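Note that this is a predicted model, so its numbers are computed, not measured.
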Amino acid sequence: MIDEFAKDTLHGRLRRDREALLWKLDGLSEYDARRPLTATGTNLLGLVKHVATVEARYFGEVFGRPSPEPLPRWQDSDGSDQWAAEDETRDQIIGFYRRTWEHADATIEELPLDAPGHVPWWPEPFSRTNLFAVLVHVLGESIRHTGHADILREGLDGRTGLRAEHEQGIDEEARAAHRAKIERAARSAARAMPQGS
């Protein structure tokens, strides 16, 4: 009973975060969806591509259910799953992500939480694992990267939030006042406290 509850809860959260990550692309130009927004090149479409690859690997080959999508061998990973090449369209990457969901969902639904898996890129003795541990791991990856996407999108046009139906209009004046209050507190604390505290 608790296993099904745990599986349904984790799987439901994963589904919610998948949709939230895709929503971060809504309304963006091709350039803004792809351009590097951090010093390391992190970009919105690349986050989608990366999370799709993560799901494809963890819910595929880890359980002997290789993804139907073509993936390079994990040993050959070169970071190309973190950005979109010129010849890759947004629709292709989103389609890859959605097809990966279907494959991952089938794995999650068909296997019990204690189903054994093997993650060859994890160090021993951790490489022998189970569906529960992989679900928690992938959910963590998904949450982390959806958070990255939220910050990146806020930097582009100020939009924030988890889902479109909960989005509120941007009150620039209120945001500026709130940010100024935090800035004043930070400067005051920096003056009052010794360096390195």
Side-chain angles (χ1 to χ4, degrees), residues 1-28 33 42-69 71 74 81-82 84 90-122 126-170:
M1 180 95 165
I2 190 68
D3 280 3
E4 283 309 308
F5 173 77
K7 187 199 285 193
D8 289 347
T9 300
L10 293 170
H11 197 184
R13 180 61 191 261
L14 180 61
R15 286 178 168 133
R16 184 185 85 175
D17 289 341
R18 288 168 174 165
E19 293 291 347
L21 180 56
L22 281 186
W23 179 55
K24 297 302 169 184
L25 295 174
D26 280 2
L28 287 180
T42 305
N43 61 92
L44 288 162
L45 194 55
L47 287 172
V48 172
K49 185 178 175 185
H50 174 67
V51 172
T53 303
V54 165
E55 280 205 39
R57 290 202 188 288
Y58 278 98
F59 293 118
E61 58 197 275
V62 166
F63 295 99
R65 301 165 58 97
S67 170
E69 298 290 323
L71 296 172
W74 66 267
D81 70 319
Q82 297 181 7
R90 183 188 318 211
D91 287 344
Q92 286 172 326
I93 291 171
I94 290 172
F96 166 49
Y97 193 24
R98 289 189 182 281
R99 290 186 305 276
T100 295
W101 297 357
E102 292 174 16
H103 185 71
D105 288 348
T107 297
I108 294 165
E109 289 163 7
E110 291 173 23
L111 299 178
L113 282 178
D114 63 352
H118 178 249
V119 185
W121 50 91
W122 285 3
F126 308 106
S127 66
R128 298 278 170 210
T129 189
N130 61 32
L131 180 61
F132 177 76
V134 167
L135 248 172
V136 169
H137 178 80
V138 172
L139 181 57
E141 284 277 318
S142 179
I143 291 168
R144 178 174 178 241
H145 293 310
T146 300
H148 293 152
D150 198 36
I151 296 295
L152 294 178
R153 183 64 190 255
E154 181 180 353
L156 284 172
D157 62 9
R159 287 180 72 184
T160 62
L162 186 61
R163 295 191 298 269
E165 62 268 22
H166 298 298
E167 186 176 21
Q168 297 177 358
I170 299 170

Practice prompt. Indicate the atoms forming the closest heavy-atom contact of Ala104 with Arg18, along with that distance.
Written response: CB-NH2, 3.7 Å
Practice prompt. For Arg15 and Asp105, indicate whether the former's side chain and the latter's backbone hold a donor-acceptor pair under 3.5 Å.
Written response: no
Fill in: Under-4.0 Å salt bridge between Lys7 and Asp3
no
Worksheet item: Hey, mind stepping through Asp17 and Val51 against side-chain contact (heavy atoms from CB on, under 4.5 Å) and telling me if it holds?
Response: CA-CA 11 Å; Asp17 289 341; Val51 172; over 6 Å; no
Item to complete: Give the C-alpha distance, both sets of side-chain angles, the deciding distance and a yes or no for side-chain contact (heavy atoms from CB on, under 4.5 Å) between Asn43 and Leu152.
Response: CA-CA 8 Å; Asn43 61 92; Leu152 294 178; 5.8 Å; no
Worksheet entry | salt bridge (Lys or Arg N to Asp or Glu O under 4.0 Å) contacts touching residues 126-152 (sequence neighbours left out) | Lys24-Asp150
Worksheet, complete the sentence: Separation between CZ (Arg159) and CG (Leu28), nearest 0.5 Å, reads 8.0 Å
Discussion item. Can you list everything that forms a ring pair (Phe, Tyr, Trp, His ring centres under 6.0 Å) with Trp23? Sequence neighbours excluded, please.
Written reply: none
Worksheet item: Do Ile143 and Arg13 touch side chain to side chain, with heavy atoms closer than 4.5 Å?
Response: yes
Worksheet item: When rounded to the nearest 0.5 angstrom, what distance separates NE2 in His137 from CH2 in Trp122?
Response: 5.0 Å
Worksheet item: Would Glu110 and Arg65 satisfy side-chain contact (heavy atoms from CB on, under 4.5 Å), going step by step from the backbone distance to the final call?
Response: CA-CA 11 Å; Glu110 291 173 23; Arg65 301 165 58 97; 3.1 Å; yes
Discussion item. Looking at Thr100 and Glu55, would you say the former's side chain and the latter's main chain have a donor-acceptor pair under 3.5 Å?
Written reply: no
Practice prompt. Output yes when a side-chain donor or acceptor of Arg99 lies under 3.5 Å from a complementary backbone atom of Gly95, and no otherwise.
Written response: yes
Item to complete: Would you check if the side chain of His11 reaches a backbone N or O of Glu109 as a donor-acceptor pair within less than 3.5 Å?
Response: no
Worksheet entry | Minimum side-chain heavy-atom gap Thr107-Val62 below 4.5 Å | no
Response to the item:
Sorted by chain and residue number, the salt bridge (charged side-chain N to carboxylate O under 4.0 Å, His left out) partners of Glu102 (sequence neighbours excluded) come out as none
Discussion item. Given 3.5 Å as the limit, does a donor-acceptor pair link the side chain of Thr53 with the main chain of Lys49, or not?
Written reply: yes
Fill in: OG1-CG distance between Thr146 and Leu14, expressed to the nearest 0.5 angstrom
9.0 Å
Worksheet entry | Where Arg98 and Leu22 come nearest, the two heavy atoms and their spacing | NH2-CD1, 3.5 Å
Discussion item. Would you compute the distance between atom CG of Leu10 and atom CZ of Phe5 and round it to the nearest 0.5 angstrom?
Written reply: 9.5 Å
Fill in: Heavy-atom side-chain proximity of Phe59 to Leu111 below 4.5 angstrom
no
Expected list for residues 113-121: side-chain donor-acceptor pairs under 3.5 angstrom, two or more places apart:
from   : atom 1 : to    : atom 2 : distance (Å)
Trp121 : NE1    : Tyr58 : OH     : 2.8

Response to the item:
To the nearest 0.5 Å, atom CD1 of Ile108 lies from atom CG of Leu135 at 4.5 Å
Worksheet item: With sequence neighbours excluded, what pairs up with Asp81 under the salt bridge (charged side-chain N to carboxylate O under 4.0 Å, His left out) test?
Response: none
Discussion item. Using the side chain to side chain contact (heavy atoms under 4.5 Å, CB included) criterion, which residues pair with Ala84? Sequence neighbours excluded.
Written reply: Arg34, Leu45, Glu88, Ile93
Worksheet item: Going by the angle between their ring planes, with limits at 30° and 60°, are His145 and His148 parallel, tilted or perpendicular?
Response: tilted
